[in-house]
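Step one of this worksheet: look at the structure below.
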2 protein chains.
Amino acid sequence: MLSTPSPHREQILATATRLFFEQGYTITGVNQIIAESSVARQTFYHHFPSKEALCAAYLDARGADWIEALRRAGNGRRSARGVARGLFGYVEELAIETHFRGCGMLNMASEFADAGSAVRERVRVHKSAQRALMRELFLPFGVDGPLTDQIHVLVEGAIAGAASLLNVEPIHDALKAAEGLLKKAGRDERR
Amino acid sequence: MLSTPSPHREQILATATRLFFEQGYTITGVNQIIAESSVARQTFYHHFPSKEALCAAYLDARGADWIEALRRAGNGRRSARGVARGLFGYVEELAIETHFRGCGMLNMASEFADAGSAVRERVRVHKSAQRALMRELFLPFGVDGPLTDQIHVLVEGAIAGAASLLNVEPIHDALKAAEGLLKKAGRDERR
DNA sequence: ACCTAGATAGACAAGTCTGTCTACGTCTGC
DNA sequence: GCAGACGTAGACAGACTTGTCTATCTAGGT
């Protein structure tokens with residue numbers, strides 16, 4: 001069965017992850033994935049019955065990785081402000097590293113127009129999980145749900161803004177905004 | 001010269017605008033644009049020497065339209081909060097109307113990985129103009145630059161977030177965050 | 001009446017795309 | 001020793017891609 005993780009499958013998925021993110025889905029052909037994975041055509045179609053199936057696997061893997069990385073970036077902080085700094089610091093790091101390629105999930109969604117498609121649904125579930133992660137990270141510091149949702153919007157805006165403007169300014173702006181909102185919330189609470 | 005606006009050119013550009021936005025750039029072929037524009041192949045290549053040239057024209061036109069629409073949505077308000085409500089109200093309206101298709105400029109950027117490409121540069125200039133527009137709209141109410149930049153991030157995050165989650169919640173969150181930041185700024189100012 | 005510019009339809013080149021197929025090799029368990 | 005699983009290499013089908021080409025038609029100016 002699939003209990004043993006096939007190295008071929010992993011290799012194909014790794015190549016696809018790189019190419020889908022760096023180039024985009026439509027523009028990346030299975031021929032290129034096959035060639036750069038150094039596997040045979042049949043091997044590819046054995047593990048993934050179609051390009052779209054590979055896309056689904058890519059979204060699942062990448063989504064989980066991203067959530068985990070974001071959790072690590074926000075964990076172990078001593079304050080809500082610290083969590084925010086961890087999050088946006090990681091976002092900045094990644095933006096520079098990827099040459100402002102933006103969010104892999106959102107980029108994929110932009111290539112699937114139909115809002116009812118399986119891809120869009122997967123992206124929706126992922127972003128929903130990201131939203132829940134914000135709650136999880138800020139909850140220990142008494143930050144309420146509505147505010148964590150607002151910070152989530154700032155994270156999304158930071159990534160999208162950096163990809164548009166090709167620099168890290170929007171990420172800094174987002175962090176400042178998050179700090180402002182947290183400060184305000186603290187002040188309101190003490191009243 | 002190009003002083004007389006050719007109706008054919010306009011027709012092609014209108015079709016491309018629709019298809020590029022609804023479907024995406026790579027997936028939309030010139031054949032489809034030609035067919036749905038009801039022009040001859042040669043006519044297409046007469047007005048646009050290549051698909052990429054058409055893309056550039058699309059970005060220019062759509063970018064200008066978007067800025068203008070956003071200006072109208074934020075203009076004629078009596079307070080900074082009113083401007084924010086106008087802006088996010090328009091963003092919400094559009095998100096629903098387009099079935100959460102997101103931002104046409106950002107979607108296009110996501111299909112051009114090379115950060116140095118002409119397309120990415122055009123998107124960058126557009127977002128820069130959008131940033132300047134935020135300043136212009138909020139300036140009459142004494143809102144300073146850094147804060148308008150933060151609101152701009154919220155606008156970006158609202159559009160991207162709505163496209164991801166397939167609902168308008170992120171837009172409401174963004175508005176709440178903007179109102180919070182404006183309120184906080186007003187309070188700080190009075191201190 | 002004639003000439004030119006612009007539009008038309010459509011063939012065409014040269015390449016790409018996804019997915020299926022055959023034919024051949026190699027490794028493992030029984 | 002041999003069957004079956006798994007791998008490889010590569011041909012192939014059929015559709016699609018962008019951009020160029022020819023050949024015909026039509027309208028306006030002189």
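Naming: A, B, ... by sequence-line order, numbering from 1 per chain.
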Rounded to whole angstroms, how far apart are CD1 on A:Ile33 and C1' on C:dC17?
12 Å

Show your working on ring pair (Phe, Tyr, Trp, His ring centres under 6.0 Å) between B:Tyr25 and B:Phe112 and close with a plain yes or no.
CA-CA 10 Å; B:Tyr25 175 77; B:Phe112 289 79; 5.1 Å; yes

At under 4.0 Å, does any side-chain N or O of B:His8 touch on OP1 or OP2 of C:dA7?
yes

Starting from C1' on C:dC17, measure out to CD1 on A:Ile27 and report it in whole angstrom.
13 Å

Rounded to the nearest angstrom, tell me the gap between atom CD in A:Gln32 and atom P in C:dG15.
18 Å

Using whole Å, what does the distance between atom C1' of nucleotide C:dC17 and atom CD of A:Glu111 come to?
15 Å

Is a donor-acceptor contact shorter than 3.5 angstrom present between the side chain of B:Arg41 and the base of D:dT20?
yes

In whole Å, I'd like the distance from the CZ atom of A:Phe44 to the P atom of D:dC6.
18 Å

Touch class at under 4.0 angstrom, heavy-atom based, for A:Thr26 against every strand present:
nothing

Can you confirm whether A:Asn107 sits close enough to A:Arg101 that some side-chain heavy atom of one is under 4.5 Å from a side-chain heavy atom of the other?
yes

Return yes if some donor-acceptor pair links the side-chain N/O of A:Arg122 with the main-chain N/O of A:Leu59 below 3.5 Å, else return no.
no

Which class fits the ring pair A:His8 and A:His47: parallel under 30°, tilted 30 to 60°, perpendicular over 60°?
tilted

Side-chain N or O of B:Asn31 closer than 4.0 Å to phosphate OP1/OP2 of D:dT17
yes

Name the closest nucleotide to the B:Ala40 side chain, picking from C:dT18, D:dT8, C:dT8.
C:dT8

Figure out the NE2/C1' separation between A:His47 and C:dT18, and round it to whole Å.
19 Å

Starting at the 5' end of DNA chain C, which residue's closest nucleotide do you reach first, B:Thr43 or A:Ser50?
B:Thr43

Before accepting this row, confirm whether a basic side-chain N of the pair A:Glu179/A:Lys176 lies closer than 4.0 Å to the acidic partner's carboxylate O.
no

Rounded to the Å, how far apart are B:Gln23 CD and D:dC16 P?
14 Å

Classify the side chain of A:Gln42 versus the base of D:dC6 as yes if they form a donor-acceptor pair under 3.5 Å and no if they do not.
no

A:Arg9 atom CZ is separated from D:dC6 atom P, nearest whole Å, by 14 Å

Please tell me which of B:His46 and A:Tyr45 maps to the more 5' nucleotide of DNA chain C, matching each residue to the nucleotide holding its nearest heavy atom.
B:His46

